[in-house]
Peer 1: 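I have a structure here, written as structure tokens, and I will follow up with some questions on it.
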Amino acid sequence: MAKNTFTLTDNRNGKSYEYDVLSGTRGPDVLDIRTFYKDSGMFTYDPGYTSTASCESKITFIDGENSELRYRGYDIRDLAGKKSYLDVCHLLMMGKLPTEEESKDFDLEIRHRSFLNEGIIRLFDALPDGAHPMATMGAATMALSAFYKDHLHLEDEEQFKTMRRRILAKMPTIAAMAYRNSIGTPLIYPDVNKYFTENFLYMLRAYPNGSMKYLGDGKNDEIKQVEVDALDAILTLHADHEQNASTTTVRNVGSTEAHPYVAIASGISALWGSAHGGANEKVMDQLKLIGDVKNVPTYIAKAKDKNDPFRLMGFGHRVYKNRDPRAETLKLLQDQLREELNLDSKLLDVAAAVEEAALSDDYFKDRGLYPNIDFYSGVILTALKIPVEMFTPIFVIGRIPGWISQWSELKQDPTAKIARPRQLYTGK
Ligand code: ACO
């Protein structure tokens, strides 16, 4: 088959440059301009990378026009709530869904790796009460690189595997302890008898003796299976999202040969921003600020006003200019859980009114602004008694398999180079 090419002509001197057009399995074709600077002495200009494919990848596929998201070829709708989150981690990290036996072994290994070195726990003491859990998680993850400095021999398959699984196993413990430390309550150690997601809820909720019961009124805070399943589905929906801002950060830092946990800590930093994973916390603040259905038009008008910095949090996405399939799945989950988890109906009403108003407004329609994953996760997380400052940490827990798989892919890519863009200099 003839190779497809693309010719660029410099109209200043009539010189032409021909480049290969690469076709992936799916998605738009890609122009291979790797030699463009060498050929023409020019750079390409693409702030925010809106037209740039930064790598080749076999992990996650998004079709933003058709609301499609696939992990290793599987539609997200066939995974969330249908496979356990840990099986999805196996899928992303190992490239295939586990057999029953592999699933059991993987689960067991993750349970046993969930403990933190006591040195990391002492690190929490240095951080003040009220520290945001994301700040503590970033610091603790960075510090992990000091504890596991001998496990960087990537050619050793066992070490490579262990290094990847360890960070997945420890993140819920780091997150739960970061939260408890921020509010000054005793830290709860993981319980190896509990599955990943249940263990996380347990570490957030339990009394230091492991009890879930408040003796005063006998109120039982026991973790229900429906809660574990809901959080498991939420984690699955966050597990990977191809070359988003935090993943690109992980790859960029990874490209410098930095320790993998340092790269993951950088991903945590990038995710925290309100234009990215930090939006879920802001959505909840915003729904509370709107407070009542009758106030919705005022806030929609503010979001449309170019002189007002107010943005509707949980709306819009760089890739989805149609519905976000993760948001759709979460909305279904929300409808199913409305009764069972006693979801806050006032918040739900405000959220529904915001969505309805935005989706019928030309401003949002013309720009393809739909609710994204962060718009729906908050109401469910609140019903799971998860404090709002833990919303973004939950995103981090969910995204670990994605970051670690993308980092691994980079490390195994013989064409990978240090990330080093150039610039259009306009200074003195
Ligand atoms: N509210 C109001 N207007 C918006 C919003 C919003 N939430 N999002 C985008 N717009 C408008 C912009 O003002 C712009 O209008 P213009 O063309 O008249 O200038 C247009 O829509 C395009 O927006 P950009 O910011 O150029 O789009 P981009 O792809 O760069 O940004 C982003 C995407 C950052 C997600 C943006 O939509 C946003 O800030 N949303 C709110 C924050 C949020 O929910 N983030 C979570 C994203 S999902 C995730 O990370 C998990």
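We count ligands from 1, going down the list as the structure has it; atoms in each ligand are counted the same way. Hydrogens, waters and symmetry mates play no part in the numbers below; they use all other heavy atoms, side chains included.
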Peer 1: Relative to the heavy atoms of S274, which atoms of ligand 1 are at a distance of less than 4.0 Å?
Peer 2: 42 (C), 45 (N)
Peer 1: Is atom 8 (N) of ligand 1 in close reach of the protein, with a heavy atom under 4.0 Å away?
Peer 2: yes
Peer 1: Look up atom 16 (P) of ligand 1 and tell me if a protein heavy atom lies less than 4.0 Å from it?
Peer 2: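 So far as the 4.0 Å threshold goes, atom 16 (P) of ligand 1 is in reach of a protein heavy atom.
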Peer 1: So, R326 and E328, do they make that salt bridge, N to O below 4.0 Å?
Peer 2: no
Peer 1: Taking atom 11 (C) of ligand 1 as the point of reference, which of Y370, Y363, F310, Y320 owns the nearest heavy atom?
Peer 2: Y363
Peer 1: Which residue and atom name correspond to the protein heavy atom nearest atom 35 (C) of ligand 1, and how close is it?
Peer 2: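 Residue, atom and distance for the closest contact: G316 O, 3.7 Å.
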Peer 1: Should you measure from each heavy atom of A279, which atoms of ligand 1 turn up under 4.0 Å away?
Peer 2: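 The list of qualifying atoms is 43 (C), 44 (O), 45 (N), 46 (C).
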Peer 1: For atom 45 (N) of ligand 1, what's the nearest protein heavy-atom neighbour? Residue, atom name and distance, please.
Peer 2: A275 O, 3.1 Å
Peer 1: Considering only non-hydrogen protein atoms, determine which one is nearest to atom 28 (P) of ligand 1 and report residue, atom name and distance to 0.1 Å.
Peer 2: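 I find the closest protein heavy atom is R318 NE, 3.8 Å.
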Peer 1: Taking atom NZ of K385 as the centre, does the number of heavy atoms from other residues, nucleotides or ligands within less than 6.0 Å exceed 12?
Peer 2: yes
Peer 1: May I ask you to identify, for N372, whether its side chain, its backbone, both or neither come under 4.0 Å of ligand 1 on a heavy-atom basis?
Peer 2: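 The part of N372 near ligand 1 is the side chain, not the backbone.
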Peer 1: To which protein heavy atom is atom 14 (C) of ligand 1 closest, and what is the distance rounded to 0.1 Å?
Peer 2: K306 NZ, 4.0 Å
Peer 1: Pull out every atom of ligand 1 sitting under 4.0 Å from any heavy atom of F395, numbered as shown with elements.
Peer 2: 51 (C)
Peer 1: Side chains of T248 and N244: any donor to acceptor distance under 3.5 Å?
Peer 2: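 There is no such pair (donor and acceptor under 3.5 Å, judged by atom type) between the side chains of N244 and T248.
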Peer 1: With a cut-off of under 6.0 Å to the ring centre and 45° to the axis, is R111 in cation-pi contact with F196?
Peer 2: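 Judged by the rule, R111 and F196 form no cation-pi pair.
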Peer 1: Where the side chain of S269 meets the backbone of A265, is there a donor-acceptor pair that is under 3.5 Å apart?
Peer 2: yes
Peer 1: Looking only at protein heavy atoms, which one is nearest to atom 41 (C) of ligand 1, and how far off is it?
Peer 2: F315 O, 3.4 Å
Peer 1: Give the contacting part of H241 toward ligand 1: side chain, backbone, both or neither, where contact means a heavy-atom distance below 4.0 Å.
Peer 2: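 No part of H241 is near ligand 1 at this cut-off.
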Peer 1: How about CD on E18, more than 12 heavy atoms from neighbouring residues, nucleotides or ligands closer than 6.0 Å, or not?
Peer 2: yes
Peer 1: Do the numbers put R164 on top of the ring of F160, so that NZ or CZ is under 6.0 Å from the six-membered ring centre and no more than 45° off the axis?
Peer 2: yes
Peer 1: Counting non-hydrogen protein atoms only, what is the nearest one to atom 27 (O) of ligand 1? Give residue, atom name and distance.
Peer 2: K321 NZ, 4.6 Å
Peer 1: What about H317 and H241, are their ring centers closer than 6.0 Å?
Peer 2: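 Close enough - the centres of the two rings lie under 6.0 Å apart.
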Peer 1: What is the nearest protein non-hydrogen atom to atom 5 (C) of ligand 1, stated with its residue, atom name and distance?
Peer 2: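 Looking at atom 5 (C) of ligand 1, the protein heavy atom closest to it is L369 CD1, 3.9 Å.
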Peer 1: In terms of atom number and element, which parts of ligand 1 are under 4.0 angstrom from non-hydrogen atoms of A303?
Peer 2: 2 (C)
Peer 1: Looking at the rings of Y370 and F315, which for Trp means the six-membered one, are their centres under 6.0 Å apart?
Peer 2: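 No, the ring centres sit 6.0 Å or more apart.
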Peer 1: Against heavy atoms of D374, which atoms of ligand 1 measure under 4.0 Å?
Peer 2: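 Near D374, the atoms of ligand 1 are 46 (C), 48 (S), 49 (C), 51 (C).
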Peer 1: If we count only non-hydrogen protein atoms and require a distance under 4.0 Å, does atom 30 (O) of ligand 1 qualify as touching the protein?
Peer 2: yes
Peer 1: Does the gap between the ring centers of F43 and Y37 come in under 6.0 Å?
Peer 2: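 Yes, the ring of F43 comes within the 6.0 Å limit of the ring of Y37, centre to centre.
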Peer 1: In the protein, which heavy atom is nearest to atom 48 (S) of ligand 1, and how far is it?
Peer 2: H317 CD2, 3.6 Å
Peer 1: Pick out which of T329, D229, I373, I380 makes a side-chain contact (heavy atoms from CB on, under 4.5 Å) with I234.
Peer 2: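 Running side-chain contact (heavy atoms from CB on, under 4.5 Å) over T329, D229, I373, I380 with I234 returns exactly one hit, I380.
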Peer 1: Which part of A245 is near ligand 1, with near meaning a heavy atom under 4.0 Å away: side chain, backbone, both or neither?
Peer 2: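 Neither part.
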Peer 1: Going by the atom numbers of ligand 1, which of them fall below 4.0 Å from some non-hydrogen atom of H276?
Peer 2: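 Contacts of ligand 1 toward H276, numbered from 1: 46 (C), 49 (C), 50 (O).
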Peer 1: I would like to know whether L144 and H259 meet side chain to side chain contact (heavy atoms under 4.5 Å, CB included); could you show each step before the answer?
Peer 2: CA-CA 10 Å; L144 276 184; H259 190 289; over 6 Å; no
Peer 1: Which option, R367, H238, R311, owns the non-hydrogen atom nearest atom 12 (C) of ligand 1?
Peer 2: R311
Peer 1: Need the ligand 1 atom indices (1-based, order shown) with element for anything under 4.0 Å from a heavy-atom of G314.
Peer 2: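 Those qualifying, in numeric order: 43 (C), 44 (O).
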Peer 1: State, yes or no, whether a side-chain contact exists between L289 and Y299 at a heavy-atom distance under 4.5 Å.
Peer 2: yes
Peer 1: Would you verify whether the NZ or CZ of R34 falls within 45 degrees of the ring axis of F36 while also being under 6.0 Å from that six-membered ring's centre?
Peer 2: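 No, R34 does not sit over the ring of F36.
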